[in-house]
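Residue numbers begin at 1 in each chain, while the letters A, B, ... track the order of the sequences.
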Amino acid sequence: MYVRENATASGYYFPDTSVVESRPVIKDKQRSDARCLSASSSWRTDMQEIENQIKSLANGDTSAMGSLYERAKSAVYGLSLSIVKNSHDAEDVMQDTFIRVYEGSASYRAEGKPMAWILRIARNLSLDIVRSNPAQELSLEAEWILDADSDFSESSLDKLVLKMVLSQLDEEERQIVMLHSVERLKHREIAEILDIPLGTELSKYHRSLKKLRGLLEEKTK
Amino acid sequence: MKENNQMIENRLKRAVESSVPDVLANVLEQIETKEVHTTEAVSETINDNNNEKIRVLPGKKTNFQRWPRAVASIAAALVIVFGLWMNLSYSTEAIVAFDVNPSIELSVNRAEKILRINPRNDEAKTVIGDMDLKGVDLDIAVNALIGSMVQNGYISELNNSILITVNSNNSEKGEELQARLSNEVGSLLRSFSVDGSVISQTTARDNHFEDLAEQYGISPSKAALIEQLIAADPSIEYADVAGLSINDLNILIEARQPQLVKVNISGHASEKAYIGVMQAKDIAFGHAKVTEADVRDLEIKYDYDNGRLTYEIEFKSRGIEYDYDIEARDGSVIKFDTDGKEDVTQPQTESTQKTEAKTSSKLIGSSRAEDIAFRHAGVYRNQARNLETELDSDDGVRYYEVEFAVGSTEYDYEIDAYSGKILNYDIDYGDDDDDDDRSETTGSTARVTEKATTAATNQKPLAQEIGKGRAEEIALRHAGVSKGQVQDLQIELEYDDGIRYYEVAFEVGDTEYDYEIDAYSGRILDYDIDYDD
């Protein structure tokens, strides 16, 4: 007999306590949650909310910064990190970005793309750093990341991927992968922010992910 | 270990999120002392006027986005309880397969607990996600999988057919299970507000289906269904219907009513993704430039052509017989024949005149033309670089111009677009390895791989690429959108790790679609849909 009341539509959210075949358990749910968010009108509401926060900042209401910061910090940090390649500078960029957002809030024109606007600021500030100090090379803090090689727990695999992104991809590829992964921006939006043709963005994206897949497979063999 | 793009992206996202430093206090401290600039201190405002596009959302993805979490945890708790209960017997009693487009096989033991779960394609992996169904009761697993298929948009009002195959050596038990699952899935779909159509069948274990499945890039259960179809209607060719979706096959079965053994169908296949008989008829009449009042002996039926479902429309008008094949999803005219006296209103006059004797005006298609050229040149498709094929016409003769290079040799063929005859060819044994045209799409590393695999591919029979047009159709069909809705369509042939695939990217309103489609089988290897609102 089928126990429908027990296993309705939501029955497929089983706890990820073990493994299907030999596949590692990955929280794809996060991805699908992100999809759900953007699939509904809440994506627009989300953007609307950010625009409202920017508007509040423009009116001198600094209390709006807290929620704006929470919403945008990962994307801003991820993008800066992908350009400056070290957490120290990325942190500086992050701080400056939010200050610039505040300063520029009055000149922001609400067009439904506040994240793209914020990310462009972060990108420009990051590029400034790279340009002003071209010698700055990858200085991934050892304690932060290097132990990842020997330990295949989920969180260190995550860090391994971050490390591979920073060390194995070129600057444009890093930004593309970061924006797509962290902020879930669409390819067209990424192409706009980076000012490259959509086709180029797509082929770079796929090439990068292919590379990462291969590297990860090799590392964890 | 194989990880897909999504898993890797999720890892990266988590890694970044867990390492974000906290600078909020500093930011707040600094902005207290600053003022908002009213001038253009920050000039990076985004100017984008291209985005006032019509928003068309595919309806099929809008429902079933969230399930109540409370019920999820109850279900989860139940799974644990069931897990404790489990009294596993490790011998497989039956294999139950579910085919929509995702194709999943569950091996169950006598107690109907899942022993093994086998995703047969990438869509199936998406459906399974991070569920662990091992040891779970079959009915719970079915609930979970069907729920996930609906949630992921694989089953919808547009695509409501599912094939359930029970593969068992005990035919009596198998049929009993078949009937039970069919009922259960039917009512399950109703509970998700989908008026589903369930095709169910019982098959004996047979490696023959595995072989067929491999040959046509489909699942063994679909192969078994097609075999039944062909047994009942020998006019059907395997290769022609292998590319049809389960929903397409369902429609075809409904239209032709073949005698199938141990196959049960409940409900009706959705025709909402198709243009419909009326529109198909109008397209044919419009193309033939006739009015309905002049038409006699009109006959319309579902047909198929090269993996596509079509409307076959036959009619007579003013002494001429017309026979059209209209693509059922996008309404394009795939094929038309006329029989009778010369018709001045016939479109594409230059081609119809030439082909009157052959009574068919069907183009051979660019990939067929390419194959003819390759065969003549004695090269394999995988060896050819910078392949460019164009449909051209000269003095009323339509031909495919096929150009490609192998090593430093360049080939240039003109192939009659209807007969496939080689009209002209030119081989240039240059010594300059000018192969940079495609570096954007294939990349230098890809080319190395290509050369490395040439030896291996030489032994294989000549595989045929499906062509950009077909790749586009597959992507549009999967997305459930028509060509007219699509913007910024880009298709490129890519080559990676020995896999040749088409990258198809397009937008519908603010939704961005990105597909990777196997260049030979037409299988969707990967896809990504980004919704905006």
Student: I would like to know whether Asp158(A) and Leu12(B) meet side-chain contact (heavy atoms from CB on, under 4.5 Å); could you show each step before the answer?
Tutor: CA-CA 6 Å; Asp158(A) 294 351; Leu12(B) 181 59; over 6 Å; no
Student: Taking all non-hydrogen atoms of both residues, which atom of Pro21(B) and which atom of Tyr77(A) are closest, and how far apart?
Tutor: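 Minimum heavy-atom separation between Pro21(B) and Tyr77(A): CD-CE1, 3.3 Å.
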Student: Could you state the interatomic distance from OG (Ser181(A)) to NZ (Lys13(B)), rounded to the nearest 0.5 Å?
Tutor: 9.0 Å
Student: Check the surroundings of atom NZ in Lys55(A): do more than 12 heavy atoms from other residues, nucleotides or ligands lie under 6.0 Å from it?
Tutor: no
Student: Show the numbers, then the answer: is there a side-chain contact (heavy atoms from CB on, under 4.5 Å) between Glu189(A) and Glu512(B)?
Tutor: CA-CA 10 Å; Glu189(A) 293 168 328; Glu512(B) 187 174 288; over 6 Å; no
Student: Could you look at Val76(A) and say if it's the side chain, the backbone, both or neither that has a heavy atom under 4.5 Å from chain B?
Tutor: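 No part of it gets close to chain B.
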Student: Could you tell me if the side chain of Lys73(A) sits less than 4.5 Å from the side chain of Glu17(B), heavy atoms only?
Tutor: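 Glu17(B) vs Lys73(A): side chains apart.
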Student: Measure the CG-CD1 distance between Leu162(A) and Ile8(B) for me, rounded to the nearest 0.5 Å.
Tutor: 13.0 Å
Student: Quick check for you: to the nearest 0.5 Å, what is the distance between Asp488(B) atom CG and Leu198(A) atom CG?
Tutor: 7.0 Å
Student: First locate atom CZ of Arg11(B), then atom CG of Leu157(A), and finally report the distance between them rounded to the nearest 0.5 Å.
Tutor: 4.5 Å
Student: I need the Leu209(A) CG to Met7(B) CE distance, nearest 0.5 Å.
Tutor: 12.5 Å
Student: Any side-chain donor-acceptor pair under 3.5 Å between Ser203(A) and Glu503(B)?
Tutor: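 No donor-acceptor contact under 3.5 Å links the two side chains.
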Student: Work out which heavy atom in Gln30(B) is nearest to a heavy atom in Gln95(A); give both atom names and the distance.
Tutor: NE2-NE2, 3.0 Å
Student: As an exercise: rank Asp22(B), Val27(B), Asn5(B), Leu28(B) by heavy-atom pairs under 4.5 Å with chain A and give me the winner.
Tutor: Asn5(B)
Student: Do Asp526(B) and His206(A) pass the side chain to side chain donor-acceptor pair (under 3.5 Å) test, and can you show the C-alpha distance, the side-chain angles, and the key distance before you say yes or no?
Tutor: CA-CA 11 Å; Asp526(B) 194 10; His206(A) 285 290; 5.5 Å; no
Student: If you count heavy-atom pairs under 4.5 Å between each of His187(A), Lys204(A), Met65(A) and chain B, which one has the most?
Tutor: His187(A)
Student: Using 0.5 Å steps for rounding, measure from the CG atom of Asn26(B) to the CE atom of Met94(A).
Tutor: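 So the CG of Asn26(B) and the CE of Met94(A) are separated by 10.5 Å.
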Student: Does any heavy atom of chain B fall under 4.5 Å from the side chain of Met178(A), the backbone, both, or neither of them?
Tutor: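 Its backbone and side chain both get close to chain B.
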